[in-house]
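To keep things clear, I will list the structure first and then write my remarks on it.
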Amino acid sequence: MAGFELKFAVDGWGQVEMAVGQAAKKLDLAAARALRKTAQWLRTHSSREIAKALRITQSPIRHRFDVFSQATAREVKLWVGLRPLSVHYLGTPKQTPTGVSVGHRAYEDAFISPMKTKYPLVWRRKGRERLPLEKVTEDWASEGVTALEKWEKRAEQQFVVFFEHEARYVFQAA
């Protein structure tokens, strides 16, 4: 009698179950890496746009961004400090007859601090008296929020690209 016989090895099924069990952990790892890369990507592009809008270097803006991530967490936090920037970060202050100019901006009734510090700070008197003084600052919160809102949608699309890349890498390494 002719027949067909099919035998399954039990050892092979154990390896398949183990590989399927490890797939979830590998996908979690790929997602965590993709989240971190997306946050860094968002920091880079939004700080670049903010600096272009303010016509300054990116350095003082980038220092206001912090990325908080954990390898096991399913979220990444991107914190942005929107407090006003001291004007000495915007360029080199120069004393003028009417005040101080920094880059393309002019500040009336301001003066450069006579103290010997690393950065020449710009101050303004609050009243007619000699004291109190206030540090001259530039508000950038509106530009910051606008840029972050603009790049938020693109960040969601970029996460998908990073996740696909990381998932491919994680499974290729196995």
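One is the number of the first residue; the rest follow in order along the sequence.
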Rounded distance (nearest 0.5 Å) linking atom [atom1] of [X] with atom [atom2] of [Y]:
X	Y	atom1	atom2	result
E138	I56	CD	CD1	8.5 Å
L29	E166	CG	CD	8.0 Å
K77	S69	NZ	OG	11.5 Å
T117	I112	OG1	CD1	10.5 Å
Q58	R48	CD	CZ	6.0 Å
L27	K25	CG	NZ	13.0 Å

Contact summary for [X] and [Y], nearest pair of heavy atoms:
X	Y	result
V67	A39	CG1-CB, 3.8 Å
K135	S86	CD-OG, 3.3 Å
A147	S46	CB-O, 4.1 Å

Do the side chain of R124 and the main chain of E108 share a donor and acceptor less than 3.5 angstrom apart?
-> yes
Distance-only, no hydrogens or angles: does the R64 side chain make a donor-acceptor pair with backbone N or O of R83 under 3.5 Å?
-> yes
Can you tell me if CD on E129 sees more than 12 non-hydrogen neighbours from other groups inside 6.0 Å?
-> no
Please tabulate, one pair per line, all N/O donor-acceptor pairs under 3.5 Å involving side-chain atoms of residues 157-164, not counting sequence neighbours.
none

The complete set of ring-ring contact (aromatic ring centres under 6.0 Å, His included) pairs with one or both residues in residues 81-135, sequence neighbours excluded, reads H88-Y119
For residues 124-158, the ring-ring contact (aromatic ring centres under 6.0 Å, His included) pairs (sequence neighbours left out) are W41-W151, H45-W151
Any side-chain heavy-atom pair from [X] and [Y] closer than 4.5 angstrom?
X	Y	result
L133	R125	yes
V100	V136	no
L54	I61	yes
R62	T44	yes

Does I50 belong to the same Ile/Leu/Val/Met/Phe/Trp/Tyr cluster as L82, with side-chain heavy atoms less than 4.5 Å apart forming each link?
-> yes
Side-chain heavy atoms under 4.5 angstrom apart, residues restricted to Ile, Leu, Val, Met, Phe, Trp, Tyr: same cluster for V80 and V145?
-> yes
Check the pair R74 / D28 against salt bridge (charged side-chain N to carboxylate O under 4.0 Å, His left out), numbers first and verdict last.
-> CA-CA 8 Å; R74 293 177 184 224; D28 284 344; 3.4 Å; yes
Side chain to side chain contact (heavy atoms under 4.5 Å, CB included) with P120: of P93, P114, S113, only one passes, and it is P93
Carefully, step by step, assess V87 and R105 under the rule side-chain contact (heavy atoms from CB on, under 4.5 Å).
-> CA-CA 9 Å; V87 294; R105 296 170 178 83; 5.9 Å; no
